[in-house]
Amino acid sequence: MKFRRSAAAALGTGATATATLLAVIGGSVPATAATPSPSASAALPDGLYGTGDPTYDGVWRQSLALLAQRTVGVWPARESVAWLAGQQCADGSFAAFRADPAKVCDARTMVDTNSTGAAVQALAEIGGHEARVKKSVAWLKSVQNADGGWGYSPGGATDANSTSVVIGALAQAGETVPDVRRNGRSPFDALAKLALPCTGEDAGAFAFQPDTKGALVANADATAAAVLGMNGETLAVTRQGDAGSAPACDKVPADEPEQAGDNGAAWLARALAEDGHLTSALPGAEDQPDYGNTADAVVALSSAHLDDQAAVPLRWLEAHSADWAAQAGPAAYAQLVFAANAARDGDVHDFGGRDLVALLNATGPAPESTDETGTAGQSTDEDREDEKDKKDDGGGLSTVWAVGAGLLVGAIAGFVLIGRGRKRQRP
């Protein structure tokens, strides 16, 4: 399917053309990117995944990489987890990238909901960072819009992608999403206002935001995100089982956000049926396959129990995504890991003859362990407090890493894929 965007919709609120183009063709930054922060130094920080300039996507790609690793049983490198945790501002928010984490965040630090939401999902899944996660959740709640949703920047107009990323963060952190309200409105209420009605060729799709005239225009990227959001899912989900044919678009009851998710998934199935992949077209640019959004659509379809409809785009990604992923880096490999892991016929270790896990791991520091029986070796908030106390007392300067029996037993006994066992949250 050819997915066209108007110039305004493509750029998004507060976004730059450069960052948006990267999002479309590279899959390495959120759908709406903030105005650039100061350029990063030439030397990449220790622990950061990928070799590209992290100015626009450092936290995002790191979060997706670590989340994907945990999804398939890999314990990330200690320095990688520490780098992500160290990007957090004192109020709990995250910016796309902070070249100097020691510098205190102020009004000029361009924090955003997407980086914060992704970081929460990763740190909550890794475990041992409860204090940081709690602080980030509190910040996200504090910048919730009056309609119940979130924009990319605090106070920005609500959009489907940002709202869905935050929903996933809240769910991963153990929050009851329908109870997170502003002016009596929940995140599901905000997403519902961006759903197209069950009429016309775009029945059931979601818009990113209303256009300048208030009209809703179908957006594949927003629809894939909203399907997960309406189902209370994170960026990564487990296999859900096949429900057969895509359901017909149906009116959404106020207490059934999953119906809106099903409507969006049915639209995605129709959109992918034509070519087996999505195609993006930006003004002045040649049409090209949209690898990142196709991968996201596979995850969305699988989360909605539409494995038959996800099979063709999954096969297309296996055959065509190698060059894109190699160029785009860790976030792209993470998206493919999510797709292969969620789809019934996917195999993260044999994805068109490639081992996605090995390729992802190779973009950063060697993991602590590549299977659940290995030593977790993750630093925690408590570890850092203990280390601080030791320094204050004149103790040694060595870093203490948590390898407690409870964490190890949990790692061995519970290969907990993101979303497994989490029941859909309803108002």
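Keep in mind the model is a prediction, meaning the values are calculated, not measured.
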Heavy-atom donor-acceptor pair, S186 side chain to F188 backbone, under 3.5 Å: yes
Mark yes or no for whether N263, through its side chain, and D250, through its backbone, hold a donor-acceptor pair below 3.5 Å. yes
Could you tell me if W83 and D46 have a donor-acceptor pair between their side chains, going purely by distance under 3.5 Å? no
Looking only at side chains, do Q88 and S136 share a donor and an acceptor under 3.5 Å apart? yes
For G47 and E79, work out which heavy atoms get closest and say how close. CA-CG, 3.7 Å
Do the side chains of N145 and R185 get nearer than 4.5 Å, heavy atoms only? no
How about D91: does its CG atom have over 12 heavy atoms from other parts shown lying under 6.0 Å from it? yes
Determine whether more than 12 heavy atoms belonging to other residues, nucleotides or ligands lie under 6.0 Å from atom CG of D323. no
Sole candidate of T158, N114, V143 that passes side-chain contact (heavy atoms from CB on, under 4.5 Å) when paired with W150: V143
Under the ring-ring contact (aromatic ring centres under 6.0 Å, His included) test, which residues partner H349, sequence neighbours left out? none
Quick one: disulfide bond (SG atoms under 2.5 Å apart) pairs with a partner in residues 286-341, sequence neighbours left out? none
Value rounded to 0.5 Å, distance of CG in L306 from CZ in R344: 10.5 Å
Not counting sequence neighbours, which residues clear salt bridge (charged side-chain N to carboxylate O under 4.0 Å, His left out) with K141? List them please. E175
side-chain contact (heavy atoms from CB on, under 4.5 Å) between W139 and V111: does it pass, once the steps are laid out? CA-CA 11 Å; W139 181 82; V111 297; 3.7 Å; yes
